[in-house]
Protein chains: 2
Amino acid sequence: MKRGTSRDIRTANRYEVLRQIIAASPTSRQELAAATGLSLATVATLVGELLDLRMITEVGFEDSAGGRPRGLVAVNASGGALIGVDIAETYVHVELFDLALNVLARAEENMRPGESRPQQVVSHVATAAGSVVAQAGVEAARVLGVGVSVPGQVDRATGISEYAPNWDWHDVPLLDLLSEHIAYPLYLDNPLRAGAVAELWFGAARGHGDAVVVNLGTGVGAGLVLGGGLHRGVSNSAGEWGHTTLVLDGRLCRCGNHGCVEAYVGAPGIMQNLSELFPHSPLLHPDDQTATIDALAIAVAANEPTAVQVVRETARYLGAGIANLINVLNPEVVVLSSWVAARLGEPLLKEVREAVARHALKRPLAANRIVISPIPTDPACLGAATFALEGALQSVGQRNVRRIASAGARSRTAPSG
Amino acid sequence: MKRGTSRDIRTANRYEVLRQIIAASPTSRQELAAATGLSLATVATLVGELLDLRMITEVGFEDSAGGRPRGLVAVNASGGALIGVDIAETYVHVELFDLALNVLARAEENMRPGESRPQQVVSHVATAAGSVVAQAGVEAARVLGVGVSVPGQVDRATGISEYAPNWDWHDVPLLDLLSEHIAYPLYLDNPLRAGAVAELWFGAARGHGDAVVVNLGTGVGAGLVLGGGLHRGVSNSAGEWGHTTLVLDGRLCRCGNHGCVEAYVGAPGIMQNLSELFPHSPLLHPDDQTATIDALAIAVAANEPTAVQVVRETARYLGAGIANLINVLNPEVVVLSSWVAARLGEPLLKEVREAVARHALKRPLAANRIVISPIPTDPACLGAATFALEGALQSVGQRNVRRIASAGARSRTAPSG
DNA sequence: GCGACTTTATAAAGCCCCTTTCCTAATCCC
DNA sequence: GGGATTAGGAAAGGGGCTTTATAAAGTCGC
């Protein structure tokens with residue numbers, strides 16, 4: 001059991017203030033204090049720290065109601081860059097963000113089915129990372145860090161990919177391999193947690209103490225935000241909701257079990273729902289999940305009856321599974337994220353809400369909202385980049401970066417210079 | 001989103017130290033520091049506070065390896081009393097504990113099926129509470145508080161029973177009603193959370209950051225310990241695992257849904273498992289859950305084949321349900337608690353472990369242990385009393401109870417005396 | 001146009017934590 | 001009886017956050 005120290009409070013407050021600034025840039029210290037519940041003085045020192053780090057800048061003044069004008073601060077977008085890497089079964093996405101978390105450059109590497117050796121994956125990542133830095137034309141020194149999201153079970157402390165189901169990796173020292181090609185600080189975790197952190201900082205989970213980010217892609221899982229922070233579990237593998245049993249002795253799942261949620265609501269599961277209901281449907285593109293989901297999305301948006309039925313059938317399972325999460329965890333918000341959720345969008349959401357209402361208990365249901373993720377880009381990339389941002393902020397607390405009057409940003413070193 | 005303050009750290013440390021003292025009484029400051037990871041100085045001040053509160057006492061010395069002997073402290077059992085109340089569908093249990101959480105007195109009131117009005121329940125509680133105080137012969141002033149566990153959804157802040165399924169209560173101001181009869185400080189919550197707190201302080205969850213306390217009684221639920229503390233959820237109704245779907249479109253549950261965990265592994269569910277497998281079994285006592293479970297427990301202990309089969313069938317459902325919790329939450333330990341678990345004991349545990357192993361993912365499974373609760377008495381009473389204990393400790397931090405040299409315990413008031 | 005009132009921002013002081021360090025107390029061993 | 005050793009307490013130090021005081025920068029009114 002880890003013990004909390006007063007520094008953790010500072011770190012949490014620093015996160016909170018920066019989050020708020022990114023969300024509502026430009027903003028004043030007053031507004032920040034009101035939004036965070038901190039005192040003006042604390043906000044002022046935190047803002048001072050962030051100014052020293054050149055993560056934010058003063059951008060002018062705002063009239064007050066008959067007094068000294070409020071100084072405004074905003075994210076210093078060009079003050080640094082963050083790289084987010086989303087390693088998936090068939091591709092590697094890399095995005096380079098500025099500090100406002102806008103995408104400045106993007107690169108994608110496709111992996112052929114045979115390519116499963118760690119070295120191959122690492123080299124794709126290195127290539128793409130090099131590419132985005134070059135595209136955006138940022139100096140290497142400005143890159144604050146690289147976050148990497150890799151599927152499966154990850155030990156973020158040691159940087160080891162303990163188990164990656166797609167490629168049958170076991171205890172691959174991924175961070176070490178990556179660090180041979182990439183000189184920036186590296187942060188490793190998995191897509192569930194990346195998605196959760198992305199929603200926590202920039203998405204629908206902002207300001208909520210308890211939230212669940214449901215990831216609907218090829219694989220299925222849930223990122224858990226509990227008590228205002230990410231819940232990792234004792235071996236950093238919490239959130240494997242995709243492999244919880246929903247239909248005992250039900251459909252075979254790729255994990256080897258029967259009746260898992262993923263077997264019904266992951267992209268392959270949805271394809272199976274479709275093919276069981278309408279084996280000859282023109283929507284069905286065997287061997288192409290993306291095409292099938294796309295076709296389904298277009299058809300359901302056009303209110304095509306068979307598509308509606310498939311979405312409804314999917315929502316029947318998904319709703320029951322989400323109701324399980326609501327009953328157990330009692331979260332304030334459930335966010336549907338990842339590409340399947342993004343494409344099926346509102347029609348899916350509507351059916352899911354109805355299905356959840358049939359299964360969840362009244363009180364937890366009443367306290368909960370279900371939404372589609374408002375994040376437009378790849379949430380795993382954004383979340384991975386956010387890990388890098390958190391890492392950059394973390395290091396502030398290490399040494400005493402005290403503001404010495406007008407010493408500016410170099411106060412980190414001895415005040416001799 | 002609530003914000004943490006440095007006082008919370010102090011409170012958590014105070015809990016931790018007292019927990020440790022209760023668990024390993026008598027003990028030395030050295031041992032406490034080692035066990036809690038706190039510095040000797042901090043332990044010394046916390047021990048000082050607890051001594052001032054008369055919750056612990058100095059009980060002698062212990063030889064050290066050739067130096068000054070270690071001072072020993074132990075719980076001052078007679079320094080106060082705590083009352084735990086477990087309100088259930090058919091009875092009210094009240095136990096009076098000393099500060100070492102030994103039961104000093106016990107009272108039980110049975111409620112007839114028709115008795116469901118809040119006033120009736122309250123009067124049973126008041127009677128029983130009066131009885132235990134009289135039995136134990138403790139002075140009223142020594143009673144530090146009364147914890148009350150009531151089924152259903154509870155708002156512990158306002159003391160309102162928002163919803164109690166058995167009696168169809170809606171928003172009953174239970175705490176107000178109780179306070180008309182009971183003068184001690186009152187603390188209200190539900191049995192799931194009471195059970196979890198009991199395990200966290202005195203049972204199998206001690207020292208674990210993430211644990212799940214599975215409650216197997218007539219009703220079924222889970223108390224969640226996450227990040228070292230109780231997880232309540234946004235509307236204080238987390239843990240309703242009994243009403244998560246395990247068999248979509250399965251057996252009808254009393255909540256109105258189909259295929260809930262509770263419908264298979266609660267006492268009535270187990271009876272149904274039995275009657276479906278062996279409709280004419282002599283183990284079956286229709287209309288008497290307790291007798292049936294007792295008979296089943298005796299038979300399975302004697303290795304009676306039909307009983308074994310019923311337990312195995314039950315464990316098939318229970319194991320899948322627990323595996324769901326393990327996959328989602330990745331806890332260090334799962335504790336099986338409440339009377340059904342206590343009676344079926346080891347045979348159930350063995351079958352459950354096998355069933356869980358079939359469903360849970362390798363990594364979270366490997367990090368997890370499943371045990372039967374080591375708490376011998378009614379865990380809801382103990383947990384409720386623990387809420388009262390926490391309440392008594394909480395109030396320490398309110399005013400500055402500074403130790404002024406030899407001012408003793410009265411330093412709470414102005415030092416004029 | 002200048003003083004008074006407002007509002008914002010920073011500095012200082014105070015309080016709450018925990019830890020480290022130093023010193024005293026109490027034994028054991030030689 | 002004098003070290004060596006271990007325990008316990010007091011003081012100092014380093015973080016944090018908040019409240020209070022002060023300086024800075026406008027607006028408003030006479």
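Just so you know, these numbers come straight off a predicted model, no measurement behind them. Numbers restart at 1 for each chain; the letters A, B, ... are given by sequence-line order, proteins then strands. No hydrogens, no waters, no symmetry mates; every other heavy atom, side chains included, goes into these values.
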Can you tell me if the side-chain N/O atoms of R68(A) get under 4.0 Å from OP1 or OP2 in dT27(D)?
no

For L175(B), check side-chain contact (heavy atoms from CB on, under 4.5 Å) against everything at least two apart and list the hits.
L186(B), L188(B)

With sequence neighbours left out, write down each residue that passes side-chain contact (heavy atoms from CB on, under 4.5 Å) with T42(B), or none if nothing qualifies.
R10(B), L38(B), S39(B), L46(B)

Atom pair distance, as rounded to whole Å: CD in E49(B) and P in dG9(D)
14 Å

Side-chain contact check for S6(A): nearest option of dG16(D), dG9(D), dT19(C) is dG16(D)

Among dT7(C), dA7(D), dC18(C), the nucleotide that comes nearest once only the side chain of R70(A) is considered
dT7(C)

Who are the salt bridge (Lys or Arg N to Asp or Glu O under 4.0 Å) partners of R68(B), not counting sequence neighbours?
none

Spacing of F61(B) atom CZ relative to dT5(D) atom P, expressed in whole Å
23 Å

Rounded to whole Å, the CG-P distance (D8(A) to dG14(D)) equals 20 Å

Looking at residues at least two apart in the chain, or sitting in another chain, which of them share a side-chain hydrogen bond (donor to acceptor under 3.5 Å, both in side chains) with D63(B)?
none

Over how many whole Å does the gap from R7(A) atom CZ to dC17(D) atom C1' extend?
15 Å

Here the distance between atom P of dC18(C) and atom CD1 of I9(B), to the nearest Å, is 7 Å

Compute the angle between the rotation axes at the two ends of the helix from dG1(C)-dC30(D) to dC30(C)-dG1(D), each taken over five pairs, rounded to 10 degrees.
30°

I need the CZ-P distance between R10(A) and dG14(D), as an integer number of Å.
16 Å

Rounded distance in Å - CG (L46(B)) to P (dC18(C))
6 Å

With sequence neighbours excluded, residues passing salt bridge (Lys or Arg N to Asp or Glu O under 4.0 Å) with R206(B)
none

Side chain of Q30(B) only, heavy atoms from C-beta on: which candidate in dG16(D), dC17(C), dA7(D) is closest?
dA7(D)

Taking only N/O atoms, report every protein-nucleotides 28-30 of chain C pair under 3.5 Å with atom names and distance.
none

Of all the heavy-atom pairs spanning L51(B) and T57(B), show the shortest one and how long it is.
CD2-CA, 3.7 Å

Do N330(A) and S235(B) have a side chain donor and acceptor closer than 3.5 Å?
yes

State, yes or no, whether a side-chain contact exists between R14(A) and Q394(A) at a heavy-atom distance under 4.5 Å.
no

Examine dC17(D): is either OP1 or OP2 under 4.0 Å from a nitrogen or oxygen in the side chain of T5(B)? Give yes or no.
no

Heavy-atom nearest nucleotide on DNA chain D for G71(B) versus A41(A): which residue maps closer to 5'?
G71(B)

From the set dG9(D), dA10(D), dC16(C), return the single nucleotide nearest to any side-chain atom of R29(B).
dG9(D)

Between C1' on dT19(C) and CG on N13(B), what's the gap in Å once rounded to a whole number?
12 Å

If you check every side-chain atom of P69(B), which of dG15(D), dT7(C), dT27(C) has the closest atom?
dT27(C)

Using the test side-chain contact (heavy atoms from CB on, under 4.5 Å), find all partners of Y187(B) that sit at least two apart in sequence or belong to another chain.
P185(B), F387(B), A388(B)

Residues forming a salt bridge (Lys or Arg N to Asp or Glu O under 4.0 Å) with R369(A), sequence neighbours excluded
none

